[in-house]
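For this chain, numbers begin at 1 and follow the sequence in order. Remember, it's a predicted structure, so these values are computed and weren't measured experimentally.
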Amino acid sequence: MFEVGKVYNRREDIHKVYKGQQYGGISTPSNYPYIFIFTGEAGQEFGYSDGFKSDGSFWYTGEGQEGPMQMTKGNLAIKNHKKNNKDILLFEYISSGFVRFVGYCTYIYHHIIQLPDRNDKQRDAIVFQLDIINTNHSNLINEPTTQKIKRPTSKKTLNELREIATSQTSEKLELKEKLQVIQYRSEAIKIYTKKEQKVTVKAAMNQPLLTLNQDLI
């Protein structure tokens with residue numbers, strides 16, 4: 001459907017195909033099981049600070065430009081997406097009209113903070129904490145598990161790290177456990193990447209010099 005990292009024309013590639021609101025940060029097509037959410041620099045003028053946090057989760061500011069944000073419409077769609085069997089797809093603006101696909105999201109929880117509205121008046125703002133699965137292949141993502149995931153270390157094999165990195169949070173887990181899964185997955189990805197690079201370098205060093213030279217040509 002959408003490829004992680006690829007850039008799309010929001011109007012032509014998304015709304016022309018799936019419909020939904022063409023403006024604003026949350027689009028909820030009525031005839032498809034998708035919720036499209038968009039983030040970018042435009043929200044910073046309202047104090048929005050969307051982005052990945054140190055635990056690996058993604059914080060996304062809800063919709064509503066004036067007065068307290070309400071848990072209705074697009075905001076409610078995000079909160080209830082699992083109950084309504086809808087996928088959340090996150091896109092990041094890179095220029096006017098063009099967005100990059102970041103990945104699929106699942107709602108973890110939300111909290112309320114104080115942010116100025118478009119009239120520069122402080123109000124309650126909803127901030128969602130989302131779990132991002134940024135893979136193009138859903139069959140590579142493990143089914144949600146209720147088993148306790150151990151903290152990843154460099155001693156684990158690439159297969160073990162991959163299993164942690166592709167784990168999903170289960171609805172049966174407590175909030176603290178969900179956040180731990182997200183953090184461990186983020187750590188596993190970093191360790192996996194470093195370890196894979198070392199394996200690649202080691203394999204290259206064991207190649208005959210002629211082979212290495214040929215690869216560089």
Any donor-acceptor pair under 3.5 Å linking the side chain of [X] with the backbone of [Y]?
X    : Y    : value
D117 : N119 : yes
Y109 : L130 : no
D50  : T61  : yes
H111 : I126 : no

* Could you go through the side-chain contact (heavy atoms from CB on, under 4.5 Å) check for L90 and T39 one step at a time? => CA-CA 8 Å; L90 172 64; T39 184; 4.0 Å; yes
* Check the angle between the aromatic planes of F128 and H110 and answer parallel, tilted or perpendicular using the 30° and 60° thresholds. => tilted
* Do the rings of F101 and F2 sit parallel, tilted or perpendicular, given the 30° and 60° boundaries? -> tilted
[atom1] of [X] to [atom2] of [Y]: how many Å apart, nearest 0.5 Å?
X    : Y   : atom1 : atom2 : answer
N84  : K79 : CG    : NZ    : 10.5 Å
Q22  : K16 : CD    : NZ    : 11.0 Å
R123 : Q65 : CZ    : CD    : 8.5 Å

Following the transitive rule for hydrophobic clusters with a side-chain heavy-atom cut-off under 4.5 Å over Ile, Leu, Val, Met, Phe, Trp and Tyr, establish whether [X] and [Y] coincide in one cluster.
X    : Y    : answer
V102 : W59  : yes
F91  : Y93  : yes
F58  : I108 : yes

I want to check something: taking the side chain as every heavy atom from C-beta on, are [X] and [Y] in contact at a cut-off of under 4.5 Å?
X   : Y    : result
I78 : I88  : yes
I35 : I26  : yes
D87 : T106 : no
F36 : I14  : yes
H15 : S27  : yes

Give me the atom names and distance for the closest heavy-atom approach of [X] to [Y].
X    : Y    : answer
K156 : R151 : CE-O, 3.7 Å
P29  : K19  : CG-O, 4.0 Å
C105 : I132 : SG-CD1, 3.2 Å
Y60  : F38  : OH-O, 3.0 Å

* **Given Q21, H81, K86, the one that forms side-chain hydrogen bond (donor to acceptor under 3.5 Å, both in side chains) with T28** => Q21
* Using side-chain contact (heavy atoms from CB on, under 4.5 Å) as the criterion, list what pairs up with N159, not counting sequence neighbours. => T157, R162
* Structure fact -> side chain to side chain donor-acceptor pair (under 3.5 Å) filter on N80, not counting sequence neighbours, yields none
* Taking salt bridge (charged side-chain N to carboxylate O under 4.0 Å, His left out) as the test, write out the residues that go with R11, two or more places apart. => none
* Assess whether side-chain contact (heavy atoms from CB on, under 4.5 Å) is satisfied between V127 and I112, documenting all intermediate values. => CA-CA 6 Å; V127 177; I112 305 297; over 6 Å; no
* Yes or no on side-chain contact (heavy atoms from CB on, under 4.5 Å) for V7 and I94, after CA distance, side-chain angles and deciding distance? -> CA-CA 8 Å; V7 175; I94 61 166; 3.4 Å; yes
* **ring-ring contact (aromatic ring centres under 6.0 Å, His included) partners of Y32, counting only residues at least two apart** => Y18
* **Listed once per pair and sorted, the salt bridge (Lys or Arg N to Asp or Glu O under 4.0 Å) pairs that draw on residues 90-107, sequence neighbours left out** => E92-R100
* **Heavy-atom neighbours of K6 NZ exceed 12 at 6.0 Å** => no
Would you list the atom pairs, donor with acceptor, under 3.5 Å between side chains in residues 69-77 and any protein atom, with sequence neighbours excluded?
| from | atom 1 | to | atom 2 | distance (Å) |
| --- | --- | --- | --- | --- |
| Q70 | NE2 | P68 | O | 3.3 |
| N75 | OD1 | E63 | N | 2.8 |
| N75 | ND2 | E63 | O | 3.1 |
| N75 | ND2 | Q70 | O | 2.9 |

